[in-house]
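A note on names: the letters A, B, ... follow the listed sequences, proteins ahead of strands, and every chain is numbered from 1.
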There are 2 protein chains.
Amino acid sequence: MSVEIKKGLEGVYIDESRISSVDGENGIIWYSGYNIDDLVTETTFEEVLHLLWNQHLPDRDELQELTEDLQSSRELPEPVARILERSAQRARPMDLLRTAVSALSFSDPDPANLDDLPRKLIRIVSTMPTILAAAYRIKRGEQPVPPRKDLSHAGNFLYMMRGEQADPDEVRAMDATLILYAEHGMNASTFSSVVTTSTLASPYSSITSAIGTLEGPLHGGAMETVIDMIEGIGSAERAEQWVKEKLENKERIPGFGHRVYRVTDPRCAHFKREIDSLKTEQEEDWVRTIETVRETVENHLGDKGIWPNTDLYSGTMLRMLGIPPDFYIGIFALARVAGWSAHVFEQLEENRILRPRVRYVGETGRRVVPIDHR
Amino acid sequence: MSVEIKKGLEGVYIDESRISSVDGENGIIWYSGYNIDDLVTETTFEEVLHLLWNQHLPDRDELQELTEDLQSSRELPEPVARILERSAQRARPMDLLRTAVSALSFSDPDPANLDDLPRKLIRIVSTMPTILAAAYRIKRGEQPVPPRKDLSHAGNFLYMMRGEQADPDEVRAMDATLILYAEHGMNASTFSSVVTTSTLASPYSSITSAIGTLEGPLHGGAMETVIDMIEGIGSAERAEQWVKEKLENKERIPGFGHRVYRVTDPRCAHFKREIDSLKTEQEEDWVRTIETVRETVENHLGDKGIWPNTDLYSGTMLRMLGIPPDFYIGIFALARVAGWSAHVFEQLEENRILRPRVRYVGETGRRVVPIDHR
C-alpha cells in the first residue's frame with residue numbers, strides 16, 4: 001500500500017477559518033480582515049480580543065462588557081496562588097504557567113461544561129498575567145501584587161510586575177506587544193489547542209496544551225537568543241565585523257528568517273517604533289547594535305530572502321520594560337492566548353475529532369518468546 | 001484558490017511508525033508486530049512498555065533494569081504531593097492528573113533537557129499511578145498510601161488505592177487492562193502529545209497535552225455511561241426489553257460501535273475473561289445483564305456492522321476492582337501513557353514541527369472605524 005506521508009502536515013489544510021490570514025509575499029497580517037498595522041495603532045488588546053472572538057470590533061457597550069468581565073476575573077484562585085507560592089522560586093516560568101492554568105480548573109464548579117465557555121476563557125485570559133507576574137515577584141523574593149480592577153489588561157500586568165503603575169508609553173508598548181503576538185494562524189501551539197478541543201475537552205485542557213507546545217524551542221524560543229547575541233557583541237562598533245565573521249563561518253544569526261515571510265515581518269516596524277520611544281540614553285548603543293546587525297545581514301542575505309523577524313526586536317522591547325529573558329515566552333503566551341481561545345471557539349462551531357493516521361513500517365507476525373529465550 | 005480541506009485529518013498519513021497497527025477488518029491489534037492476544041496472556045505491562053519504547057520484548061536484564069527504574073521513581077515529589085493534598089477533595093481526577101504531571105517538571109533540575117528523555121518519561125509513567133491513587137484516597141478522606149518498591153506496576157497501583165495488597169487475579173486483571181489500553185495508533189490524545197513534542201517541548205508538556213486531550217468525552221468517555229446503563233436497566237431479565245425499546249426509538253446504546261473495527265473489538269474477549277474470573281455471586285446478574293444487552297444488540301444490529309467495543313466491558317471490570325467510575329479515564333491514562341511516551345520517542349527520532357494550514361474565508365480589507373461609529 002503506497003500512501004503519501006504529510007510529514008509536519010506541511011501544506012495540508014485542516015479547516016476553514018475566519019480568524020486571521022497572513023500574506024507572506026507582501027508582509028501583511030490580517031486579523032479578521034483588519035491589517036494589524038491599523039489595529040496596533042488604533043485599538044487596544046481588549047478590542048483585538050473581541051475581534052478575534054467575534055470577528056468584529058466591539059462598540060462601546062461590547063467593549064465595556066468585555067473589559068469589566070476581564071477586570072473582575074483577575075484574582076488568582078486559592079489553589080493556584082498556593083502552587084505559585086510553593087514552587088515559583090525554583091520552577092521555570094512556562095512550567096508554572098502551564099501548571100497554573102491547568103489548576104484553574106480546580107476552582108471551576110463544572111470544568112467540563114462547555115455551555116459557559118466564554119466565561120471560562122475570560123477567566124483563563126484574565127488570570128494568566130496575574131500568574132506570570134506573581135511568578136516573577138516570587139522569583140525575586142517579593143510578595144505578589146494583587147491585580148487592580150481599574151487598569152487595562154496591559155497596564156495591570158505591568159502594575160502587578162512592578163507594584164507601581166507604568167508610564168503611559170510603557171503601557172502602550174506592552175499593549176502593542178499583546179496585539180502583535182495575539183494571533184498568527186495555525187501555528188503549532190494553536191494547532192495543539194485545536195486538537196485537544198476536538199475531543200470536547202475543557203478549555204483548561206486546551207489552553208494548557210497550547211502553553212506546553214509554545215514552550216518548545218522550535219516555537220517560542222528565539223527572543224532570548226537575540227538578547228544573548230546583542231550582549232555578546234558588546235557594542236555597536238563591533239557589530240558589523242561580528243556579523244561578517246558569523247556569515248563567513250556559515251553560522252545562523254538569530255532574529256532572521258521566517259517560514260512565511262518573503263519580506264521583513266510586518267511586526268518588526270512596530271516593535272522598532274516602541275523601542276525608539278522607550279529607549280534611554282544608556283540603551284542607544286544597544287539599539288544601534290541591533291540596527292547594524294540588521295543592515296549587515298540584509299546587505300549580505302537580503303537577496304536570498306533572509307529578512308528580520310520579530311525576535312530581533314521584541315526581546316529588546318521587553319528588556320526595556322524591565323522584563324527578564326526567561327519570561328519572554330510567557331509574555332508571548334499572554335498575547336497568543338487571544339488566538340488560542342479564538343480557535344477553540346471556532347473549532348467548537350463545527351467540531352470533528354482530529355485523528356490522522358500513521359503508516360506501519362515495523363515488524364509483523366511476531367510470536368512471543370519466553371523471556372529466558374529472548 | 002481551491003484547496004482540499006482535510007477536516008479531522010481523516011485519512012491523512014502524518015508519518016511512518018513502528019509502534020502499532022490495527023487490523024479493523026479482522027479485529028487484531030498488533031504492538032510492534034505482536035498480537036495483543038498473545039501479549040496480554042504471556043507478558044506484563046512492564047514488558048509491553050519496553051516493547052513499545054524499543055520495538056522488542058526485553059530479555060531478563062533489560063526487564064530488570066526497567067522494573068528497577070520504575071520502582072525507584074514512584075514517590076511523589078513534594079510540590080505534587082502538596083497540590084493533591086490541597087485540591088484532590090474537590091477537583092476532578094483528570095484535572096488533578098493533568099496538573100500533577102505538569103507539576104512534575106518543578107522538581108526536574110533541567111526540564112527542557114531532552115538528553116535524559118528516558119529518565120523523564122520513566123518518572124512520568126511511574127508517578128502517574130501514585131498521583132491517581134493519592135487523589136482517590138484523599139477524595140475518600142483517607143491518607144495517601146506511599147508506593148512499595150517490591151510490587152509490579154499494576155500490583156503497586158492497587159496496593160496504593162487500598163492500603164493492602166490485592167489478590168493475584170485482581171493484579172492480573174489490572175495488568176491486562178494496562179496492556180490492552182497501552183496503545184492504539186494515532187488517536188487524538190497520542191496525536192496531541194506528538195504535536196506538542198514537535199516543538200521540542202519537554203515531555204512534561206507532551207504528556208500533559210495528551211492527558212488533557214484524553215479528558216474530552218469524545219475520546220475517553222463512554223465507560224462511565226455503560227455503568228450508568230447497566231445500573232439503569234436494573235436486572236438481567238429486563239435487559240432485552242430495555243434494549244428493544246431503545247432500538248425502536250433509534251437511541252444510541254453505549255458500548256457498541258467503533259470507527260475502526262468491522263468485528264468485535266479484540267480487547268473485549270480479554271476483559272470478559274477477567275470479569276468472569278473476578279465476579280462474585282452478587283455480580284452474576286450484572287454480568288448476565290451485559291451479556292443480554294450484547295446479544296440483543298448483536299441480533300438486531302450485527303449485520304449493520306455494529307459490534308461491542310471495550311467500553312461495554314472495561315468499566316465493569318474496573319468496578320469489580322473497586323474503582324469508582326470517575327476514575328476510569330484516569331486508569332485509561334495510566335495505560336495509554338505507554339503509547340504516548342513511545343510516540344514521543346519516535347517523533348524525536350526524525351522530528352518536524354507540525355503546522356498545518358487553514359483556509360481563510362472571513363472578511364477582507366476592512367478599515368478600523370472609531371469606536372463611537374461602530
- Message: Assess whether a salt bridge exists between B:Asp372 and A:Arg60, defined as any Lys/Arg side-chain N lying under 4.0 Å from an Asp/Glu carboxylate O.
- Response: yes

- Message: Heavy-atom cut-off 4.5 Å, strictly under: side chain, backbone, both or neither for B:Glu4 against chain A?
- Response: backbone

- If you round to the nearest 0.5 Å, how far is NZ of B:Lys6 from CG of A:Leu354? 13.5 Å

- Query: So which of A:Met94, A:Gln55, A:Arg352, A:Glu350 has the biggest tally of heavy-atom pairs under 4.5 Å with chain B?
  - Reply: A:Arg352

- Message: Donor-acceptor pair, distance only, cut-off 3.5 Å: does the side chain of B:Tyr360 make one with the backbone of A:Trp30?
- Response: no

- Return the minimal non-hydrogen interatomic distance between B:Ala201 and A:Pro217, and the atom names on each side. N-CD, 4.4 Å

- From OG (A:Ser202) to CD (B:Glu215), nearest 0.5 Å: 4.5 Å

- Task: Compare all side-chain heavy atoms of A:Thr99 with those of B:Phe106 and state whether any distance is below 4.5 angstrom.
- Result: yes

- Considering all heavy atoms of both residues, which atom of A:Ala188 and which atom of B:Arg355 are nearest to each other, and what is their separation? N-CG, 3.7 Å

- Rounded to the nearest 0.5 Å, how far apart are OG1 of A:Thr213 and CG of B:Leu200? 11.5 Å

- Message: Between B:Asp38, B:Ile371, B:Val195, who has the most heavy-atom pairs with chain A when the cutoff is under 4.5 Å?
- Response: B:Ile371

- Message: Let's test your reading of the structure: which of B:Val194, B:Val361, B:Leu39 forms the most heavy-atom pairs below 4.5 Å with chain A?
- Response: B:Val361

- Separation between CZ of A:Arg18 and OG1 of B:Thr364, rounded to the nearest 0.5 Å: 13.5 Å

- Evaluate side chain to side chain contact (heavy atoms under 4.5 Å, CB included) for A:Arg374 paired with B:Glu47, printing each intermediate quantity in order. CA-CA 12 Å; A:Arg374 286 178 199 155; B:Glu47 288 173 82; 2.7 Å; yes

- Item | Side chain proximity check, A:Val12 to B:Leu9, heavy atoms < 4.5 angstrom | yes

- Note on the structure: Sorted by chain and number, sequence neighbours left out, side-chain hydrogen bond (donor to acceptor under 3.5 Å, both in side chains) with B:Arg366 holds for none

- Item | Rounded distance (nearest 0.5 Å) linking atom CZ of B:Arg359 with atom CD1 of A:Ile14 | 13.5 Å

- Bottom line for B:Leu63: the part with an atom under 4.5 Å from chain A's heavy atoms is side chain

- Closest-packed option against chain A by number of heavy-atom pairs under 4.5 Å, given B:Asp15, B:Ile5, B:Asp95: B:Asp15

- Query: Side chain, backbone, both or neither: which part of B:Ser20 has an atom under 4.5 Å from a heavy atom of chain A?
  - Reply: backbone

- What option among A:Pro79, A:Gly365, A:Ser193, A:Ser206 has the most heavy-atom pairs under 4.5 Å with chain B? A:Gly365

- Item | A:Ser205 side chain to B:Arg98 side chain, donor-acceptor N/O pair below 3.5 angstrom | yes

- Query: Between A:Ile28, A:Asn35, A:Leu57, which residue shows the highest count of heavy-atom pairs closer than 4.5 Å to chain B?
  - Reply: A:Leu57

- Message: A:Glu62: which residues meet the side-chain contact (heavy atoms from CB on, under 4.5 Å) condition with it, sequence neighbours left out?
- Response: A:His50, A:His56, A:Pro58, A:Asp59

- Message: If I measure from the heavy atoms of chain A, does B:Arg367 come under 4.5 Å with its side chain, its backbone, both, or neither?
- Response: both

- Is it true that the side chains of A:Arg90 and B:Ser107 contain a donor and an acceptor less than 3.5 Å apart? no

- Query: Is A:Glu10 salt-bridged to B:Arg357, cutoff N-O under 4.0 Å?
  - Reply: no

- Most heavy-atom pairs under 4.5 Å with chain A, out of B:Ile19, B:Val101, B:Thr43, B:Thr196, belong to B:Thr196

- Among B:Gly212, B:Pro109, B:Ala100, which residue forms the greatest number of heavy-atom pairs with chain A at distances under 4.5 Å? B:Gly212

- Message: Quick check on B:Ser192 against chain A: is it the side chain, the backbone, both or neither that has a heavy atom closer than 4.5 Å?
- Response: both

- Looking at OG1 of B:Thr208 and CD1 of A:Ile211, how far apart are the two atoms once the value is rounded to the nearest 0.5 Å? 11.0 Å

- Side chain, backbone, both or neither of B:Ala112 within contact of chain A (heavy atoms, under 4.5 Å): both

- Got A:Thr199 and B:Leu214 here, is their nearest side-chain heavy-atom distance under 4.5 Å? no

- Message: Just so I understand: if I count every heavy-atom pair under 4.5 Å between each of A:Val369, A:Asn187, A:Ile353 and chain B, which residue has the most?
- Response: A:Ile353

- Message: Which one wins on heavy-atom pair count under 4.5 Å against chain B: A:Ser32, A:Ser105, A:Pro356, A:Ser87?
- Response: A:Pro356

- Item | Short side-chain to backbone donor-acceptor contact, A:Lys7 and B:Tyr13, under 3.5 Å | no

